Amino acid sequence: MRHLPPSIPDPNVLVGLDAPDDAGIYRLTDDVALVQTVDFFTPIVDDPYAFGQIAAANALSDVYAMGGRPLCALNIVGFPVKKLPPQVLGDILRGGADKVREAGAVIIGGHSIDDQEPKYGLAVTGIVHPDKILTKGAARPGDVLVLTKPIGVGVVTTAIKRGLASEDEIREVTDVMRRLNNVPDVLHAAGVRCATDITGFGLLGHAAEVARESRVALRIFAGKVPVLPAAYKYAEQDVFPGGSRANRRHVEACTAFSDAVPEPQRMLLCDAVTSGGLLIACPPDNLDQLLAGLRAAGTIAQAVIGYVEAGPAGHITVEP
Ligand code: CO
Ligand code: CO
(Lines give C-alpha, C1' and ligand atoms only; values in the text may rest on other atoms or scores of the structure.)
(Ligands and ions follow the chains in the order given, each with its own letter.)
Protein backbone atom coordinates (compact mmCIF):
# COMPACT_ATOMS: atom_id res chain seq x y z
CA MET A 1 0.00 0.00 0.00
CA ARG A 2 2.94 2.33 0.54
CA HIS A 3 3.51 2.33 -3.24
CA LEU A 4 0.22 4.17 -3.74
CA PRO A 5 0.44 7.79 -4.88
CA PRO A 6 -0.78 10.35 -2.30
CA SER A 7 -4.51 10.88 -2.58
CA ILE A 8 -6.34 14.18 -2.87
CA PRO A 9 -7.19 15.46 0.63
CA ASP A 10 -10.84 14.91 1.47
CA PRO A 11 -12.24 16.03 4.85
CA ASN A 12 -14.64 13.09 4.83
CA VAL A 13 -11.80 10.56 4.91
CA LEU A 14 -11.67 9.98 8.67
CA VAL A 15 -9.26 7.03 8.45
CA GLY A 16 -7.26 6.55 5.27
CA LEU A 17 -3.78 5.98 3.97
CA ASP A 18 -2.23 8.78 6.10
CA ALA A 19 -2.68 6.68 9.23
CA PRO A 20 -3.44 3.17 7.98
CA ASP A 21 -5.66 1.21 10.33
CA ASP A 22 -7.73 -1.99 10.23
CA ALA A 23 -10.18 -0.43 7.77
CA GLY A 24 -10.75 2.81 5.91
CA ILE A 25 -13.48 5.15 7.16
CA TYR A 26 -15.43 7.68 5.11
CA ARG A 27 -17.93 10.11 6.68
CA LEU A 28 -21.37 10.21 5.05
CA THR A 29 -23.13 12.47 7.57
CA ASP A 30 -22.35 13.85 11.04
CA ASP A 31 -23.78 10.63 12.49
CA VAL A 32 -22.74 7.92 10.05
CA ALA A 33 -19.44 6.90 8.50
CA LEU A 34 -18.70 3.99 6.16
CA VAL A 35 -16.17 1.36 7.31
CA GLN A 36 -14.58 -0.47 4.37
CA THR A 37 -12.16 -3.36 4.29
CA VAL A 38 -11.17 -6.31 2.12
CA ASP A 39 -9.37 -9.52 3.02
CA PHE A 40 -8.89 -12.88 1.26
CA PHE A 41 -6.44 -15.77 1.41
CA THR A 42 -5.67 -19.37 0.47
CA PRO A 43 -7.09 -22.29 2.53
CA ILE A 44 -5.76 -22.57 6.05
CA VAL A 45 -7.67 -25.77 6.94
CA ASP A 46 -8.76 -28.73 4.76
CA ASP A 47 -12.51 -28.47 5.50
CA PRO A 48 -13.92 -26.11 2.82
CA TYR A 49 -16.93 -25.06 4.91
CA ALA A 50 -14.69 -24.14 7.86
CA PHE A 51 -12.34 -22.29 5.50
CA GLY A 52 -15.30 -20.19 4.32
CA GLN A 53 -16.30 -19.43 7.90
CA ILE A 54 -12.74 -18.46 8.85
CA ALA A 55 -12.23 -16.23 5.80
CA ALA A 56 -15.49 -14.41 6.53
CA ALA A 57 -14.81 -14.03 10.26
CA ASN A 58 -11.39 -12.64 9.38
CA ALA A 59 -12.75 -10.13 6.84
CA LEU A 60 -15.52 -8.98 9.19
CA SER A 61 -13.03 -8.58 12.02
CA ASP A 62 -11.49 -5.39 10.63
CA VAL A 63 -14.90 -3.69 10.79
CA TYR A 64 -15.27 -4.71 14.44
CA ALA A 65 -11.71 -3.58 15.18
CA MET A 66 -12.72 -0.07 14.07
CA GLY A 67 -15.77 -0.10 16.35
CA GLY A 68 -18.13 -0.61 13.43
CA ARG A 69 -21.08 -2.82 12.59
CA PRO A 70 -20.91 -4.79 9.31
CA LEU A 71 -23.84 -4.25 6.94
CA CYS A 72 -23.04 -5.94 3.65
CA ALA A 73 -20.27 -7.83 1.90
CA LEU A 74 -19.03 -8.94 -1.52
CA ASN A 75 -17.49 -12.37 -2.12
CA ILE A 76 -14.01 -12.55 -3.67
CA VAL A 77 -13.30 -16.00 -5.11
CA GLY A 78 -10.43 -17.66 -6.93
CA PHE A 79 -11.07 -21.31 -7.80
CA PRO A 80 -9.40 -23.98 -9.98
CA VAL A 81 -12.58 -24.97 -11.84
CA LYS A 82 -10.89 -27.81 -13.75
CA LYS A 83 -9.03 -29.25 -10.74
CA LEU A 84 -11.58 -29.29 -7.91
CA PRO A 85 -15.25 -30.37 -7.83
CA PRO A 86 -17.82 -27.53 -7.69
CA GLN A 87 -19.09 -28.94 -4.39
CA VAL A 88 -15.91 -27.67 -2.71
CA LEU A 89 -16.60 -24.12 -3.86
CA GLY A 90 -20.21 -24.48 -2.76
CA ASP A 91 -19.08 -25.46 0.74
CA ILE A 92 -16.63 -22.53 0.97
CA LEU A 93 -19.33 -20.05 -0.03
CA ARG A 94 -21.87 -21.62 2.35
CA GLY A 95 -19.40 -21.26 5.23
CA GLY A 96 -18.81 -17.61 4.36
CA ALA A 97 -22.52 -16.88 3.95
CA ASP A 98 -23.41 -18.52 7.28
CA LYS A 99 -20.77 -16.46 9.08
CA VAL A 100 -21.90 -13.21 7.45
CA ARG A 101 -25.48 -14.02 8.48
CA GLU A 102 -24.32 -14.71 12.03
CA ALA A 103 -22.78 -11.22 11.98
CA GLY A 104 -26.17 -9.75 11.08
CA ALA A 105 -24.88 -8.66 7.67
CA VAL A 106 -25.73 -9.76 4.14
CA ILE A 107 -23.77 -10.78 1.04
CA ILE A 108 -24.98 -8.68 -1.88
CA GLY A 109 -22.63 -9.74 -4.66
CA GLY A 110 -19.13 -10.76 -5.54
CA HIS A 111 -16.71 -11.82 -8.24
CA SER A 112 -14.93 -15.06 -9.07
CA ILE A 113 -12.03 -16.01 -11.35
CA ASP A 114 -10.46 -19.30 -12.47
CA ASP A 115 -7.30 -19.60 -10.41
CA GLN A 116 -4.47 -22.08 -9.79
CA GLU A 117 -5.22 -22.26 -6.08
CA PRO A 118 -8.50 -21.63 -4.18
CA LYS A 119 -8.75 -18.19 -2.62
CA TYR A 120 -11.67 -16.76 -0.70
CA GLY A 121 -12.50 -13.65 1.24
CA LEU A 122 -14.79 -10.66 1.30
CA ALA A 123 -14.94 -6.94 0.86
CA VAL A 124 -16.99 -5.77 3.82
CA THR A 125 -18.86 -2.51 4.33
CA GLY A 126 -19.96 -1.41 7.76
CA ILE A 127 -20.98 1.73 9.57
CA VAL A 128 -19.73 3.53 12.65
CA HIS A 129 -20.56 6.79 14.39
CA PRO A 130 -17.75 9.22 13.53
CA ASP A 131 -17.17 9.89 17.26
CA LYS A 132 -16.88 6.18 18.10
CA ILE A 133 -14.08 5.08 15.79
CA LEU A 134 -11.55 2.79 17.48
CA THR A 135 -8.04 3.49 16.16
CA LYS A 136 -4.56 2.16 16.75
CA GLY A 137 -3.47 5.67 17.69
CA ALA A 138 -5.74 6.23 20.70
CA ALA A 139 -4.03 4.22 23.47
CA ARG A 140 -3.12 6.32 26.52
CA PRO A 141 -0.62 5.69 29.34
CA GLY A 142 -2.39 3.76 32.10
CA ASP A 143 -4.71 1.92 29.71
CA VAL A 144 -4.91 -1.82 30.32
CA LEU A 145 -4.28 -4.25 27.43
CA VAL A 146 -6.92 -6.95 26.96
CA LEU A 147 -6.87 -9.81 24.41
CA THR A 148 -10.00 -11.76 23.39
CA LYS A 149 -8.59 -14.91 21.71
CA PRO A 150 -5.56 -17.15 22.29
CA ILE A 151 -2.51 -16.89 20.03
CA GLY A 152 -0.49 -19.76 18.53
CA VAL A 153 -2.65 -20.08 15.40
CA GLY A 154 0.25 -19.92 12.94
CA VAL A 155 2.29 -22.68 14.53
CA VAL A 156 -0.75 -24.98 14.90
CA THR A 157 -2.03 -24.44 11.34
CA THR A 158 1.50 -25.14 10.08
CA ALA A 159 1.43 -28.37 12.10
CA ILE A 160 -1.86 -29.21 10.32
CA LYS A 161 -0.26 -28.60 6.91
CA ARG A 162 2.60 -30.93 7.86
CA GLY A 163 0.18 -33.65 8.98
CA LEU A 164 1.24 -33.44 12.64
CA ALA A 165 -1.96 -32.17 14.27
CA SER A 166 -4.64 -34.36 15.85
CA GLU A 167 -8.37 -34.03 15.08
CA ASP A 168 -8.91 -32.32 18.44
CA GLU A 169 -6.14 -29.81 17.79
CA ILE A 170 -7.56 -29.04 14.35
CA ARG A 171 -11.04 -28.50 15.79
CA GLU A 172 -9.70 -26.24 18.54
CA VAL A 173 -7.73 -23.89 16.29
CA THR A 174 -10.60 -23.86 13.77
CA ASP A 175 -13.06 -22.80 16.47
CA VAL A 176 -10.74 -19.97 17.48
CA MET A 177 -10.34 -18.69 13.92
CA ARG A 178 -14.02 -18.79 12.98
CA ARG A 179 -15.21 -16.97 16.08
CA LEU A 180 -16.58 -13.48 15.34
CA ASN A 181 -15.05 -10.46 17.11
CA ASN A 182 -18.53 -8.93 17.26
CA VAL A 183 -18.15 -6.97 20.49
CA PRO A 184 -17.96 -3.29 19.42
CA ASP A 185 -20.95 -2.41 21.63
CA VAL A 186 -19.12 -3.81 24.66
CA LEU A 187 -16.06 -1.72 23.78
CA HIS A 188 -18.08 1.46 23.29
CA ALA A 189 -19.93 0.93 26.58
CA ALA A 190 -16.57 0.67 28.38
CA GLY A 191 -15.29 3.90 26.83
CA VAL A 192 -12.61 2.12 24.78
CA ARG A 193 -10.99 4.27 22.05
CA CYS A 194 -8.23 1.96 20.84
CA ALA A 195 -8.48 -1.56 19.42
CA THR A 196 -7.00 -3.64 16.64
CA ASP A 197 -7.33 -7.27 15.61
CA ILE A 198 -4.43 -9.71 15.77
CA THR A 199 -3.61 -11.19 12.37
CA GLY A 200 -0.53 -11.75 10.20
CA PHE A 201 1.96 -9.61 12.12
CA GLY A 202 1.32 -11.55 15.32
CA LEU A 203 0.56 -10.17 18.77
CA LEU A 204 3.79 -8.20 19.10
CA GLY A 205 3.66 -6.90 15.52
CA HIS A 206 0.17 -5.49 15.98
CA ALA A 207 0.98 -4.28 19.49
CA ALA A 208 3.96 -2.42 18.02
CA GLU A 209 1.62 -0.66 15.57
CA VAL A 210 -0.52 0.49 18.51
CA ALA A 211 2.58 1.67 20.42
CA ARG A 212 3.89 3.56 17.38
CA GLU A 213 0.60 5.14 16.31
CA SER A 214 -0.32 6.10 19.89
CA ARG A 215 3.23 7.34 20.69
CA VAL A 216 3.33 5.24 23.85
CA ALA A 217 5.22 2.22 25.19
CA LEU A 218 3.63 -1.12 26.09
CA ARG A 219 4.46 -3.61 28.81
CA ILE A 220 3.28 -7.15 28.09
CA PHE A 221 3.39 -10.10 30.48
CA ALA A 222 4.08 -13.21 28.38
CA GLY A 223 2.67 -15.53 31.04
CA LYS A 224 -0.69 -13.73 30.93
CA VAL A 225 -1.13 -14.11 27.17
CA PRO A 226 -3.60 -16.91 26.33
CA VAL A 227 -2.06 -19.53 24.03
CA LEU A 228 -3.64 -22.54 22.27
CA PRO A 229 -2.54 -25.60 24.31
CA ALA A 230 -1.22 -27.40 21.20
CA ALA A 231 0.86 -24.35 20.27
CA TYR A 232 3.35 -24.91 23.13
CA LYS A 233 4.18 -28.38 21.82
CA TYR A 234 4.67 -27.22 18.23
CA ALA A 235 6.58 -24.14 19.41
CA GLU A 236 9.05 -26.46 21.17
CA GLN A 237 9.37 -28.34 17.85
CA ASP A 238 9.86 -24.98 16.08
CA VAL A 239 7.09 -25.60 13.52
CA PHE A 240 6.66 -21.83 12.98
CA PRO A 241 5.72 -20.55 9.51
CA GLY A 242 8.06 -18.17 7.66
CA GLY A 243 5.78 -15.23 8.39
CA SER A 244 6.23 -15.69 12.13
CA ARG A 245 10.02 -15.65 11.75
CA ALA A 246 9.78 -12.44 9.71
CA ASN A 247 7.56 -10.93 12.42
CA ARG A 248 10.17 -11.82 15.03
CA ARG A 249 12.90 -10.04 13.04
CA HIS A 250 10.68 -6.97 12.59
CA VAL A 251 9.78 -6.50 16.26
CA GLU A 252 13.31 -7.19 17.52
CA ALA A 253 14.32 -3.52 17.10
CA CYS A 254 11.45 -2.17 19.23
CA THR A 255 11.06 -4.98 21.78
CA ALA A 256 13.01 -5.71 24.96
CA PHE A 257 12.50 -9.32 26.11
CA SER A 258 13.24 -10.12 29.72
CA ASP A 259 15.89 -12.86 30.02
CA ALA A 260 13.26 -14.92 31.85
CA VAL A 261 11.10 -15.23 28.70
CA PRO A 262 12.25 -18.42 26.92
CA GLU A 263 12.78 -18.58 23.17
CA PRO A 264 9.70 -20.65 22.18
CA GLN A 265 7.51 -18.17 24.06
CA ARG A 266 9.14 -15.21 22.29
CA MET A 267 8.35 -16.80 18.95
CA LEU A 268 4.76 -17.53 20.03
CA LEU A 269 4.26 -13.83 20.78
CA CYS A 270 5.35 -13.12 17.18
CA ASP A 271 3.46 -16.04 15.63
CA ALA A 272 1.38 -15.04 12.60
CA VAL A 273 -2.33 -15.32 13.35
CA THR A 274 -5.31 -15.83 11.06
CA SER A 275 -8.55 -14.28 12.30
CA GLY A 276 -7.22 -13.59 15.80
CA GLY A 277 -8.79 -11.74 18.69
CA LEU A 278 -9.05 -8.05 19.47
CA LEU A 279 -6.23 -6.29 21.30
CA ILE A 280 -7.98 -3.60 23.33
CA ALA A 281 -6.51 -0.67 25.27
CA CYS A 282 -9.05 0.01 28.04
CA PRO A 283 -9.13 3.00 30.41
CA PRO A 284 -8.29 1.46 33.83
CA ASP A 285 -11.45 2.73 35.54
CA ASN A 286 -13.60 0.86 33.01
CA LEU A 287 -11.69 -2.43 33.03
CA ASP A 288 -14.15 -4.36 35.19
CA GLN A 289 -17.02 -3.27 32.99
CA LEU A 290 -15.14 -4.29 29.84
CA LEU A 291 -14.20 -7.72 31.20
CA ALA A 292 -17.76 -8.38 32.39
CA GLY A 293 -19.11 -7.30 29.01
CA LEU A 294 -16.70 -9.55 27.10
CA ARG A 295 -17.53 -12.47 29.38
CA ALA A 296 -21.26 -11.92 28.83
CA ALA A 297 -20.67 -11.72 25.07
CA GLY A 298 -18.87 -15.07 25.22
CA THR A 299 -15.43 -14.11 23.87
CA ILE A 300 -13.01 -17.06 24.07
CA ALA A 301 -10.63 -15.05 26.27
CA GLN A 302 -10.86 -11.91 28.38
CA ALA A 303 -7.17 -11.79 29.23
CA VAL A 304 -5.46 -8.82 30.82
CA ILE A 305 -2.00 -9.10 29.24
CA GLY A 306 -0.28 -5.82 30.12
CA TYR A 307 -0.64 -2.08 30.08
CA VAL A 308 0.25 1.12 28.28
CA GLU A 309 2.93 3.44 29.64
CA ALA A 310 4.38 6.81 28.69
CA GLY A 311 7.23 6.49 26.13
CA PRO A 312 9.60 5.66 24.62
CA ALA A 313 7.11 5.75 21.76
CA GLY A 314 6.73 2.48 19.91
CA HIS A 315 8.63 0.42 22.45
CA ILE A 316 7.48 -2.88 23.96
CA THR A 317 8.83 -4.53 27.10
CA VAL A 318 8.04 -8.22 27.47
CA GLU A 319 8.16 -9.65 30.98
CA PRO A 320 7.60 -13.28 32.01
CO1 CO B 1 -6.88 -5.73 11.23
CO1 CO C 1 -7.18 -6.84 7.24
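Each residue takes its place number in the sequence, starting with 1. Computed from a predicted model, the values in this text were never measured in an experiment. Atoms within each ligand, like the ligands themselves, are counted from 1 in listed order.
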**Q** Looking at every heavy atom in both Thr158 and Val239, which two are closest together, and how far apart are they?
**A** CG2-O, 3.1 Å

**Q** For N/O/S atoms only: which one belongs to Asp62 and is nearest the Co ion (ligand 1)?
**A**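 This turns out to be OD1.
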
**Q** Check for me whether Arg94 meets the cation-pi criterion with Phe51, that is, NZ or CZ under 6.0 Å from the six-membered ring centre and within 45 degrees of the ring axis.
**A**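 Geometry flag: not set, cation outside 6.0 Å or 45°.
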
**Q** In plain terms, say whether Glu319 and Lys224 are close enough for a salt bridge, that is, a side-chain N and a carboxylate O under 4.0 Å apart.
**A** no

**Q** Considering just N/O/S atoms, say which atom of Asp22 is closest to the Co ion (ligand 1).
**A**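 The atom in question is OD1.
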
**Q** Near the Co ion (ligand 1), is there an N/O/S atom from Asp21 that is less than 2.8 Å away?
**A**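 So Asp21 does not count as coordinating the Co ion (ligand 1).
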
**Q** Nearest N/O/S atom of Asp197 with respect to the Co ion (ligand 1), by atom name, please.
**A** OD1

**Q** Ignoring hydrogens and angles, state whether a donor on the side chain of Tyr49 or Asp98 is under 3.5 Å from an acceptor on the partner side chain.
**A**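 Yes.
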
